Structures are given as structure tokens and as C-alpha cells.
Amino acid sequence: MKKILIANRGEIAVRVIRACRDMGIDTVAIYSECDRAALHVRLADEAWPVGPSAPRESYLRIDTIIDVAKKSGADGVHPGYGFLAENHDFAAACRGAGLVFIGPSPEAITLMGSKTAARQAAIKAGVPVVPGTEEPLNEQTSDAEVLAVAERIGYPLMLKAVAGGGGKGMRMVAMAAELPAALRAARSEALSAFGDGAVYLERRILAPRHIEVQLLGDHYGTVLPFVERECSIQRRHQKVVEESPSLSVSPELRRRMTSAAAAVARTVGYTNAGTIEFLLDADGSFYFLEMNTRLQVEHPVTEMVTGVDLVQWQIRIARGERLDLIPESLLVPRAHAIECRIYAEDPDNGFLPSPGRIQGLRVPQGPGVRDDSGAYEGGEVPIFYDPMISKLITWGETRDHAIARMKRALAEYQVRGIRTTIPFFQWLLEDEDFKAARFDTTFIDRKMGTPGSGPLQAIAAAHEELAVIAAAVHMFARSPATVAASSAPVSRWQQAGREEALR
Amino acid sequence: MKKILIANRGEIAVRVIRACRDMGIDTVAIYSECDRAALHVRLADEAWPVGPSAPRESYLRIDTIIDVAKKSGADGVHPGYGFLAENHDFAAACRGAGLVFIGPSPEAITLMGSKTAARQAAIKAGVPVVPGTEEPLNEQTSDAEVLAVAERIGYPLMLKAVAGGGGKGMRMVAMAAELPAALRAARSEALSAFGDGAVYLERRILAPRHIEVQLLGDHYGTVLPFVERECSIQRRHQKVVEESPSLSVSPELRRRMTSAAAAVARTVGYTNAGTIEFLLDADGSFYFLEMNTRLQVEHPVTEMVTGVDLVQWQIRIARGERLDLIPESLLVPRAHAIECRIYAEDPDNGFLPSPGRIQGLRVPQGPGVRDDSGAYEGGEVPIFYDPMISKLITWGETRDHAIARMKRALAEYQVRGIRTTIPFFQWLLEDEDFKAARFDTTFIDRKMGTPGSGPLQAIAAAHEELAVIAAAVHMFARSPATVAASSAPVSRWQQAGREEALR
Amino acid sequence: MRFEIAAGNNIHTVTIARKGAVLHVAIGDRTVIVDARRVGEMAWSLLVAPEGSAEPVQGVDAALAAHRTAGDFDVHLAGRTIPVQVRLAGGFGRQKKAGAAAGTGPQRITAPMPGKIARVLVTAGDEVKARQGLVVVEAMKMENELRAARDGRVREVSVVEGQSVDAGAILLVVE
Amino acid sequence: MRFEIAAGNNIHTVTIARKGAVLHVAIGDRTVIVDARRVGEMAWSLLVAPEGSAEPVQGVDAALAAHRTAGDFDVHLAGRTIPVQVRLAGGFGRQKKAGAAAGTGPQRITAPMPGKIARVLVTAGDEVKARQGLVVVEAMKMENELRAARDGRVREVSVVEGQSVDAGAILLVVE
């Protein structure tokens with residue numbers, strides 16, 4: 001492969017561009033109207049327009065994207081995550097056009113992409129699953145029929161998109177009365193995110209941990225699992241913090257979970273990168289939840305503790321290389337890594353989306369810090385796409401060390417002009433239960449729902465006073481009277497910003 | 001230790017601040033007049049002025065710094081590298097004031113800081129040294145006397161500052177006629193850098209590699225060596241690229257060199273971080289060169305391949321902790337790391353210093369990249385100090401991978417408004433000999449001195465044309481006629497930059 | 001120079017004056033000595049004298065982001081984001097009166113962020129109850145339902161489904 | 001709009017015009033179609049049509065840094081730093097004449113960078129040889145000796161040891 005088209009945008013497109021550059025492979029970006037000046041467009045070797053801003057008219061347009069791939073002379077396509085990453089038609093269209101799809105086969109996507117079929121595969125591999133519906137409930141299934149199925153499974157239960165992933169189209173349903181509204185919302189979300197409104201039901205395990213196993217499989221039958229990722233810190237079924245390893249997984253449990261994950265993948269002849277998600281119950285039993293047939297958002301924590309570049313390996317596998325990594329080395333984590341997903345959402349205002357222009361950006365640097373970002377100072381965060389603008393990952397000699405570095409990095413991180421979830425993480429990382437790794441998937445909702453657990457943005461009085469001082473200084477400096485009489489620094493700054501005339 | 005004063009500036013002050021923050025320790029920065037707005041001042045918990053911009057009036061003022069440490073309530077002092085880091089009077093003054101000096105004892109600094117005494121210590125430890133003068137040649141030594149000593153050693157030879165380090169006060173002397181001028185220059189540099197103009201002479205090993213061994217020693221007699229660093233890529237005896245491990249060091253040689261290094265340190269009862277520098281001859285024999293009794297600029301490459309935070313360990317050792325790292329793990333490098341020192345020098349103009357205001361800064365991000373920097377957009381690079389503004393470090397699964405990532409990172413790195421050595425590294429990293437690790441300490445001078453080896457800034461015609469287009473677009477966009485008639489993006493940008501009035 | 005600055009639940013009266021190389025910032029009955037250095041168009045390196053001291057040594061790296069309303073900022077410092085509103089002395093008094101007047105008038109439902117109108121749930125003339133959903137704004141693949149603050153009647157609907165709106169745009173009015 | 005742009009050893013005549021959403025940039029006898037989007041005060045995302053194509057798809061992320069002389073820039077792209085000088089059409093003709101006249105006159109020794117005068121090696125009236133050291137400027141702990149370009153006599157020394165100088169400052173004149 002000499003040239004790869006990245007059928008995605010944002011931080012993951014940038015991530016793939018970087019991996020390609022490290023391999024000496026040319027890159028082709030695609031962009032919608034509002035993304036003309038996005039970072040992935042700036043960093044790619046080529047960039048082609050694919051349509052208007054709405055995803056259905058651009059990043060989900062298989063025909064346009066295949067056409068661009070051919071015109072640009074690309075010989076491979078990386079789908080990233082989201083958009084078309086788990087769309088078997090897209091994988092098939094790539095194959096049909098003679099392009100290498102950097103991911104599993106269309107057949108594997110179809111099979112594991114159906115959450116209900118995937119459950120069957122897990123059962124076949126001898127891996128326990130959460131009790132739930134055998135068949136998908138498509139858009140034609142009436143509310144009454146769904147209610148009947150739900151009664152059989154019992155409440156509380158989880159309503160999930162058959163074509164789902166990333167928490168989209170997922171709802172917890174505590175009682176029958178909630179089902180119709182939840183069904184409507186989940187279907188609408190699923191339809192908009194995946195183009196498929198079918199859902200299924202699963203019993204809700206109370207207070208489970210969400211543990212997942214990264215896999216790589218090559219075209220010669222080798223499937224290798226990696227040390228687990230702990231992804232229990234979720235808000236609205238959306239992961240917000242991930243780490244590796246999990247403090248709740250002993251080496252013995254790790255052996256069993258990673259073997260189970262690899263067994264599921266082998267059962268379906270899986271190739272390229274994929275992830276098996278499990279629920280880990282408080283009693284130590286685990287259940288197959290679903291398989292993500294693509295790269296995960298949180299893949300960097302695995303990279304940080306194993307040293308393996310997963311995107312590079314996706315490409316190497318796709319071009320026919322053998323997976324010659326040492327299996328044992330992938331199961332022994334090197335210390336600890338943690339990731340915080342930085343969303344353009346306002347944690348002080350119900351996590352309301354906060355798109356807009358980034359007026360100022362300071363990215364943290366230094367030892368143990370990695371920032372995978374699609375943002376830059378002056379860039380726009382559009383209203384049309386997922387609000388995640390970057391992923392901050394830290395590595396430390398211990399979990400405490402990784403968390404300490406994360407706190408340091410968050411304190412250095414400034415994203416100005418929009419609101420982000422950075423303050424939310426600062427609150428979270430101070431929580432005693434979080435620090436002790438005492439949590440499950442209900443953690444955030446419980447903590448944030450507890451009255452008196454303190455407002456998220458618990459601004460200390462001292463910080464408030466300093467903010468008042470800073471604002472006063474800023475306004476004072478720019479008032480005409482004081483600017484004229486001010487000292488060198490201010491005027492020199494202004495002078496430096498002045499553009500000289502063309503002579 | 002609750003509060004540490006960092007007796008330094010620039011990237012290393014920032015590096016130490018970050019380590020302290022990771023440990024929950026408060027930080028006190030010091031600043032000279034021109035550094036009021038420097039990054040280390042911005043990031044520290046406290047910042048105290050210590051005098052005018054000239055180093056002798058601020059960063060070298062032991063009395064002022066001790067005074068600030070006491071007034072601020074600091075209980076520890078980290079000297080960084082350079083300035084007072086290898087000044088035994090400073091270490092002693094800290095001790096006298098009841099402050100923990102985060103480094104070796106004043107006695108060890110005195111002993112190993114004298115390059116001639118250090119040679120004696122190495123001989124005592126059974127480690128071979130380069131033939132040279134036994135006694136320092138102080139400022140009173142006449143040219144004639146020095147010439148006489150030089151005749152005995154034989155040309156070519158190296159002239160070095162007794163109090164030296166970092167390549168300062170060092171000159172290669174090919175023949176007697178060159179000695180007086182070299183002596184004058186080396187003494188002047190040494191005096192200005194270390195406050196001591198004494199020099200010594202050493203036989204010049206032809207085409208050696210510069211290999212060094214990082215050590216940590218605690219207060220309970222444990223001295224642990226780390227996998228070697230390869231530092232042969234030097235310009236004017238100043239390291240510019242460092243990596244770990246060295247491709248020229250086999251595991252067997254590593255065992256011998258690291259044991260020799262540890263033996264020297266144990267002989268002098270060394271504590272805290274230090275580095276033993278060796279010359280490695282083409283025949284595989286190695287010679288003790290000197291010991292640096294401080295943290296090295298290039299310590300991050302060791303951190304990247306061992307996972308050990310050396311600055312944290314300096315602090316832990318200083319506060320009396322035991323060095324409980326697993327010795328073997330420090331000698332087995334995890335893949336490969338490489339560092340490029342970004343200097344504010346113009347490689348197209350004889351590496352002329354290039355201080356000034358940084359008009360624009362884009363720092364590379366993504367997997368395997370670390371930037372330890374003292375720079376920020378809008379910040380000044382002063383004329384008074386070392387021109388190094390940042391260190392770019394990459395890690396890769398192999399040396400080739402680390403180099404590929406370095407090239408990618410350099411391509412993303414933009415430092416605008418001053419000239420830097422970034423283009424120099426892009427030239428270097430394409431060199432076939434460099435890529436094959438076929439080099440010694442004369443590499444850069446040979447490569448750059450070879451006529452027809454191509455100009456450093458071999459700008460391809462295609463890039464030149466693109467630069468012309470970019471400049472034309474920029475000038476076109478800002479001419480009054482076109483700005484008025486221009487499309488949305490330009491005017492929106494300008495609008496966003498406008499400050500609104502106070503109502 | 002005198003400001004009123006709102007932060008959190010407090011409105012501080014702040015007087016600021018240059019004295020030689022430093023600024024004296026009076027907040028309430030305390031005067032803070034500040035050495036301020038601009039490090040960007042909207043960024044400051046402040047060194048602040050701790051309580052009881054005249055030596056400005058406490059480091060505060062502060063950057064501001066301006067809101068649409070003049071004088072409203074997010075102040076970023078110590079990894080926190082603190083919204084503040086700055087007015088010239090007396091500014092809040094005037095504003096509060098205006099606000100109070102508006103409080104009793106019709107409810108203007110505005111877009112909390114830029115987005116697209118996913119659904120309009122009412123039409124002009126409809127009677128609505130407090131907490132009833134009026135309009136759904138979609139941004140970043142999330143739907144946000146805006147509700148009525150109190151009972152009333154829809155006077156005017158200014159948007160249609162599918163329309164893009166800016167933050168602050170008036171979507172409908174309930175009286 | 002027409003410019004003369006010097007880069008490397010070449011002076012390019014460049015004509016630039018907007019045609020719909022793109023720019024047509026004529027360099028010599030080739031016209032390049034460029035889709036330009038500003039991404040910062042001095043930064044551009046350019047998409048350039050490759051030779052023989054009308055589709056602007058080749059990505060060029062370019063940022064500029066202005067020198068003191070108007071129209072002189074460093075262009076940063078693809079990790080390279082490329083100095084260019086932009087003049088309105090005919091600008092270099094005028095400048096070259098002025099430059100030629102200066103070439104035969106007295107040598108003005110100027111500071112190549114901001115720094116401090118470490119040593120002055122000559123005094124007014126001294127005869128100097130080509131390559132002879134005249135003054136040493138120190139910056140960033142490195143000493144840089146400035147030498148005479150050809151034989152002559154020192155007419156004027158404008159600096160003293162220890163003095164700070166800006167880049168471009170005239171240090172002494174040799175005639």
C-alpha cells in the first residue's frame with residue numbers, strides 16, 4: 001500500500017494520518033463543507049471534498065468516498081471509528097473497487113455487527129452472554145411486541161441498537177412505562193448514527209464493570225489478545241475515562257478473559273483489529289457483551305502499556321503481513337495508562353453541546369503525556385459531529401502516578417472559546433472512590449445524582465477571587481486611558497500583532 | 001519535602017515543575033528581568049525575581065537564590081543542569097541554609113567536577129581513561145607551559161575546561177599553532193560558563209563514539225546504572241541528537257560499560273543522578289571521559305526506554321528514599337528512543353544565534369512523541385542564555401520507527417519568528433549513514449564540511465514553488481481591494497479577532 | 001478604575017490602579033498587589049502578593065475567552081474555567097432593573113448553543129404548561145429539548161424544522 | 001494582482017486572481033488553481049491542483065513569519081523554512097539598483113542578531129585587511145566575530161563593549 005484514504009474526520013483521522021506518515025504511506029483526507037479547514041485536512045497529503053456538512057451527505061456517502069478513493073489513486077481505505085467503520089456495505093464496496101479495506105471482512109462486520117448474531121457466536125465459542133433477546137426488534141416491531149419481550153426478560157433492562165456501538169442508541173429501562181419513550185429515542189439515535197433502527201433487549205446486570213479485550217488477527221489464523229482495558233467510567237452509556245490494566249482483573253482472570261475473547265474472534269475467523277466487550281459482575285463472573293469490529297476510541301491506553309502501534313498493525317495486517325508479536329508481551333502491561341475524552345460539552349450546564357470557534361488552545365506537554373486531538377487554535381468545532389475533540393492519555397509507573405500526571409496535564413490544558421469536559425475530569429480525579437478504583441458502570445450517574453456531593457465546578461473561593469483579579473487586569477489594560485499610559489509589554493505585544501503594509 | 005525551588009530556567013525548569021506537580025510538591029520558580037514572562041514562571045506555584053538578565057547577576061547569584069529559598073519557605077532546591085548545577089559552593093550553601101540540595105553532595109561535585117580529579121577516581125576504580133594531563137592548567141599557566149604539556153601528549157588533542165560540561169570551553173587542537181587561540185577561547189568560554197578558566201589537555205581519540213551511562217545512587221550505598229545513551233551526533237562538541245540504546249553496544253559491552261560506570265560512582269560514594277561519559281573506540285575499547293554530577297539534557301531518552309522518571313527519583317533519593325528499582329529492568333531497553341535538541345540557531349546561516357519573539361508555535365502531537373519545551377507562542381527567546389528552546393523526543397518499536405516518528409514530528413513542528421535547527425534535523429535524519437547508525441563524534445563536522453554534500457536547506461523546487469504560492473495568497477488576501485471583496489472565511493477570522501468594547 | 005465583577009454567586013466591587021511597576025487591586029476591603037504581564041492577546045501571567053505580603057510571588061497563569069456579551073468572559077486558571085462578568089461601576093444595577101422588567105414579560109426561548117432545529121413541538125396559539133417541551137435543538141448528534149419555564153400561550157414560533165440556528169437565537173416566544 | 005517573489009535563487013513573477021471559489025495563481029507560464037482557507041492570522045490551509053489537473057487536492061499547510069522588512073517572510077511548510085521576498089511588480093528592479101549603488105560604497109558592519117558587544121577589536125582610523133576581525137557580538141553564550149569584507153580603513157565605531165544591540169544595528173563603518 002502506497003496511499004491510504006482515511007474515511008473519517010477529527011482526531012481519529014489525524015491519528016491514522018500520523019501512523020501512515022510513520023510508515024512512509026501517503027494519505028488522502030476527505031472533508032465535508034464545514035470541515036474544509038479541519039486539522040485532518042491540514043495534515044494530509046491530499047484532501048478531497050465529499051459533500052455538505054450533514055454526515056449522511058458526506059462522511060456516510062459510500063459512493064462518493066469510493067469515487068474519491070479511485071480518483072486519488074488510493075489503494076487502501078481506513079475507516080477510523082464511527083461513520084462507516086462498521087458498515088459492511090462500505091467494506092464490500094471497497095473490496096469491489098479493488099481497494100484494501102483496513103479492517104475485518106464485510107462478512108465479519110455483518111456477523112458481529114449484528115449484536116444478536118454476535119451473541120450467538122459467543123455462545124458457540126463457549127463464552128457466557130447476558131440473558132436477552134435472540135432476535136433483533138426492527139422498526140416494524142410494535143411497542144406492544146417489544147413490551148411483551150421485555151416482560152419475559154424482566155426489568156431493569158438495557159435497550160440497545162443492533163447496529164450499535166459507542167453508546168449510541170442505548171437506553172436503560174427501569175420499568176415498562178419508560179419503554180415506549182426509550183424505544184423511540186434509541187431507534188431515532190440508532191437510525192441517525194448507523195442507518196438502522198433495529199434494537200434488542202438485554203437483562204441489566206446491576207453495577208457491573210465494563211472490561212474489554214483488544215484483539216488483532218492476521219490473515220494466517222493468528223489471533224492475539226491484549227491486556228484488558230477498564231472502561232466502567234461512563235456517562236449516558238458513553239465511555240469517558242478508560243485505563244489499562246484494570247485493578248479488578250487479576251492475572252488469572254486476565255488469562256480467562258483474554259482467552260475467551262480470542263476464542264470468540266477465532267470462531268468467526270476474525271481479522272484485523274477488534275474488541276470484545278465484557279461485563280464483569282461483582283462476583284467475578286463475566287459475560288460477552290458485544291464485539292466492536294474496528295479500532296476503538298480508547299486504543300491508545302493499550303498502546304501506552306504494550307508499546308504496540310495498533311493503527312500501524314491494522315495496516316500491516318491489511319497488506320498481508322504476519323502478526324509476529326510475542327503473545328505473552330501483550331498480556332503483561334507495562335505499568336499503567338489512563339485516558340480522558342475531552343468533549344466539547346459544558347459540564348456546568350448539563351453537558352450541553354458546546355460547538356464553536358476555539359479562541360485559544362494550550363495543549364499539555366512533558367513526560368508521560370499524549371494528546372490525540374483534532375483541534376487547533378482558531379479552528380471550529382462544528383455542530384454536525386460527535387463532540388469529542390481530543391483524547392488526553394497519560395502513562396505512569398503506577399496507577400496513582402498516571403492519575404497524578406493526568407491531573408497535571410489537565411491543569412495545563414486550556415481550551416478557550418468553547419466549554420469542555422476538562423473541569424469534569426478534575427472533579428472526577430479527586431474523587432476518593434475513583435482514586436481507589438472502587439467503581440462500576442453506574443459510578444458517574446450515582447456520583448452526579450447524589451445531592452450535596454458538591455457541584456461539579458466546585459470553584460474554590462481563592463480561584464474565584466483570582467479570576468476576578470485577572471478579569472479586572474484585562475479590562476484595565478485595554479481601557480484607552482491605561483493602554484496609552486501602560487508599560488512596554490502591552491504595547492510591544494500590540495505592535496507585534498500589527499501587520500505591516502506592502503510597499 | 002513540600003516545596004522545591006528550581007534554581008534554573010527554560011525547559012529544564014518546566015520539566016522539574018512537572019515532576020514536582022506529579023508528586024504533589026509545590027514549586028518556586030526564580031526569574032531574571034528578561035524572564036518575567038517565561039514559561040517556567042507561568043507554570044510554577046510561585047515565582048521570585050533574582051536580578052538582571054545577565055546570568056552572573058541572577059541565575060548564578062548563590063546568595064540571592066538561597067535568600068529566596070528561605071523567604072519562600074522552600075525546603076528543597078533543584079538545580080537543573082547548567083548554571084549552578086555543578087557548583088559545589090551552591091550545594092554547600094543549600095546545606096548550610098538547611099535546604100535539601102537535589103543532587104550529589106558538595107564533596108562529590110568538587111571531586112568529579114574537577115575533570116582531572118575525576119580521571120584519578122576512574123583510574124582508582126579500574127576504569128581506563130584517555131591519556132592526558134594529570135593537573136589542571138589554570139589561568140596563570142602561560143601559553144608556553146601549555147604548549148610544552150601539549151607536546152608531551154601529542155597532537156591532535158582536546159583542550160577542555162576543568163569545570164566543564166555540555167561542550168562548553170572545549171576545543172579540538174590539530175597542531176601547536178592553533179593552541180594559543182584555542183586556549184584563549186576555551187578559557188573565556190569556561191570562565192563565562194563556569195566561573196573558572198582552568199583547562200586540561202587530553203589525547204584526541206580519532207573517530208570515537210560518545211557513549212554515556214546514566215546512574216542513580218541512593219543514601220544507602222545502592223548505585224544503579226541504566227542502559228547506555230548514544231551521544232555521538234555533536235556539533236562543536238555539543239550534543240544535538242541522543243538516542244538509547246546505542247546500536248554499537250552489544251549486551252556484553254553494555255554489561256561491561258555499565259559496571260565500569262557504577263564502579264566509578266561507588267568509588268566516590270556518589271548519590272543522586274549522575275552520568276559517566278565514555279569514548280568508545282572503533283576497536284571496542286572504551287575510556288572514561290568525565291562524570292556529569294547532575295541531570296543531563298538528554299535524560300528523557302532513558303526515561304522513554306526504561307519508564308523511570310529520573311527527576312522524580314532525584315527528589316525521592318534526596319528525601320531519603322531507597323532506590324528500590326529492579327536493576328536488570330534498567331539495563332534492558334524497551335525498544336528505542338531518540339532526542340533532537342531544538343536550538344534557536346539558523347542552520348542556513350552558520351548556526352548564528354536567533355533570539356527573538358516566537359510569532360507562531362505548533363508543537364507536534366500524537367503517539368510516541370514528547371516535547372520538553374520552555375517556549376510558547378508569543379514568548380521571547382532571550383539573548384542571554386543557552387539557545388536550546390526545546391527537546392523533541394520520540395519513541396518507536398525499533399530505531400527506524402523512532403526515526404520515522406521523529407521525522408513526522410519535525411514536519412508538524414513549526415516555530416515561527418525565529419530560526420531553529422528543525423530543518424537541520426530533517427536533513428540529518430535523511431542521511432544514509434545516520435540511518436544506518438554509521439557515525440562517530442566527527443560525523444556532523446565531516447558531513448557539513450564535505451563540499452557537494454548538498455546545502456543543508458536543500459529546498460526542493462516543488463517546495464519553493466509552494467512557498468511562493470503561499471506568500472502570494474497571503475499578500476493577495478490582505479491587500480485592501482481583495483479583503484473587501486473576499487469570501488466569508490477571511491472576514492470571519494478578522495471579526496473573531498476583534499475585541500468588543502466595554503459597555 | 002472601578003468595576004463590578006460577578007463571579008459565582010457574588011458581585012465584587014473592584015478598584016484597580018497602577019502604582020509604579022505593579023497594580024493595586026482592591027476587592028472589597030482587601031487590596032492585592034499584582035505584577036501583571038501580558039503573554040498573549042487574552043492571556044496573562046499574574047504574580048499576586050499573598051495576604052499580608054507586599055511581594056507579588058504567587059503564580060497565576062490566566063487566560064480569558066470572551067463571550068458575545070461585552071464584558072463577559074470565561075477565565076481559565078489552574079485548570080478551572082470560571083465565568084465572570086465585568087461591568088463599569090453601577091453596571092449591574094442598571095442591568096438588574098432591565099432584567100427584572102424582562103422577568104415578568106413574555107418568555108423568549110433561545111438556542112443554548114448553535115445547532116439545528118430537530119423538531120418544533122408546538123404552534124403559535126397553543127396553550128403550554130410549565131416544563132412542557134417546546135422545541136428540540138440538535139447539535140453534535142445529541143437532541144436537547146427546550147421547555148417552558150411556566151404556563152402560558154405560544155405567541156410566535158420563529159423557526160422551522162431543519163433550520164440551523166446560532167446560539168442565542170430566539171426560537172419562540174411564550175406569553 | 002501581480003507580484004515579484006524571490007525564493008532561493010529565483011525571482012518569480014506571480015499573477016493572482018480570484019475565480020469563483022478558487023484562486024488562479026500564475027507563476028511563469030503555468031497557472032495553478034488554489035483553494036485557500038485562512039486558519040490563523042499568518043497561517044493558511046492551501047489545496048493546490050497538481051500539474052495538469054483542475055482539482056485542488058494537494059494539501060499544503062503553510063504558515064508565515066514576517067521579517068522586519070515589509071514583504072519579507074519565512075514560509076513554513078512541510079517542515080521546511082523557506083525565506084521569500086514579495087514585492088509589487090517591478091519592486092525588485094528598483095531595489096536592485098539601490099543595492100548595486102550601496103555595494104561599492106563603505107562597508108556597514110551590522111549586527112546579524114540581537115546581542116551584546118563582547119569586544120571591539122579596532123578603533124576609528126585603523127587600517128584593516130579583508131577577513132580581519134572587527135567586533136565580537138555575543139548572544140546566547142556564543143561569540144560571533146564579524147570580519148571586514150575587504151581591505152579598508154575604519155571610519156567610525158558606533159558601539160562600545162558591553163553595549164546591547166538589536167539585529168541590523170550598524171556597529172561600525174569601514175571605507
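This one's a predicted model, so the numbers in the text were calculated from it and none came from an experiment. In what follows, every chain begins at residue 1, and chains take the letters A, B, ... in the order their sequences are listed.
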Any side-chain heavy-atom pair of C:Arg38 and A:His474 under 4.5 Å: yes
What side-chain donor-acceptor pairs closer than 3.5 Å can you find for residues 52-60 of chain C, not counting sequence neighbours?
from, atom 1, to, atom 2, distance (Å)
C:Ser53, OG, C:Glu55, N, 2.9

Go through the steps for C:Arg80 and A:Leu410 under the test side chain to side chain contact (heavy atoms under 4.5 Å, CB included), then give the verdict. CA-CA 9 Å; C:Arg80 279 151 185 90; A:Leu410 289 167; over 6 Å; no
Non-hydrogen atoms of C:Ala65 and A:Arg416 that approach each other most closely: CB-CB, 3.8 Å
For each of C:Val84, C:Val32, C:Val48, C:Ile16, tally heavy-atom pairs with chain A at distances under 4.5 Å, and name the one with the top tally. C:Ile16
For residues A:Gln414 and C:Ala63, report the shortest heavy-atom separation together with the two atoms involved. OE1-CB, 3.5 Å
Please look at C:Arg30 and chain A and tell me whether the side chain, the backbone, both or neither of the residue comes under 4.5 angstrom of a heavy atom of that chain. side chain
Choice from A:Arg419, A:Lys407, A:Glu189, A:Glu465 maximising heavy atom contacts with chain C below 4.5 Å: A:Arg419
Rounding to 0.5 Å, atoms CD (C:Glu138) and CZ (A:Phe384) come to a distance of 9.5 Å
Where A:His463 and C:Ala78 come nearest, the two heavy atoms and their spacing: NE2-CB, 3.6 Å
Contacting region of A:Thr420 [heavy-atom separation from chain C under 4.5 Å]: neither
Once salt bridge (Lys or Arg N to Asp or Glu O under 4.0 Å) is applied, do any residues pair with C:Glu145, and if so which ones, sequence neighbours excluded? C:Arg147
Which atom pair, heavy atoms only, marks the closest approach of A:Phe351 to C:Met142? O-CE, 4.3 Å
Side chains of A:Asn349 and C:Met113 in contact at under 4.5 Å (non-hydrogen atoms): no
Partner of A:Val468 under side-chain contact (heavy atoms from CB on, under 4.5 Å), picked from C:Asn10, C:Val25, C:Val14, is C:Val14
Indicate yes or no: at least one non-hydrogen side-chain atom of A:Glu464 is less than 4.5 angstrom from one of C:His12. yes
When rounded to the nearest 0.5 angstrom, what is the spacing between CG in C:Leu46 and CD1 in A:Ile469? 8.0 Å
Taking every heavy-atom pair that is under 4.5 Å apart, which of C:Asp61, C:Val137, C:Val34 has the most such pairs with chain A? C:Asp61
Looking at A:Pro353 and C:Ala139, what are the two nearest heavy atoms and their distance? CG-O, 3.7 Å
Okay, A:Ile422 and chain C: the region with an atom under 4.5 Å from a heavy atom over there is side chain
Considering only heavy atoms, which portion of A:Ala344 lies under 4.5 Å from any heavy atom of chain C: side chain, backbone, both, or neither? both
dist C:Ile82:CD1 -> A:Leu466:CG (nearest 0.5 Å) comes out at 7.5 Å
Starting from the C-alpha separation in whole Å, work towards a yes-or-no answer on side chain to side chain contact (heavy atoms under 4.5 Å, CB included) for A:Gln359 and C:Leu64. CA-CA 9 Å; A:Gln359 297 175 16; C:Leu64 294 87; over 6 Å; no
Atom CZ of residue position C:Arg131 - does it have more than 12 heavy atoms of other residues, nucleotides or ligands inside 6.0 Å? no
Here's one to test your reading of the geometry: is the NZ or CZ of C:Lys141 within 45 degrees of the ring axis of A:Phe83 and under 6.0 Å from its centre? yes
Report which part of A:Ser192 has an atom under 4.5 Å of a heavy atom belonging to chain C: side chain, backbone, both, or neither. neither
Heavy-atom side-chain proximity of A:Asp386 to C:Met140 below 4.5 angstrom: no
Taking all heavy atoms of C:Phe3 and all of A:Phe476, pick out the closest pair and write down the distance. CZ-N, 3.9 Å
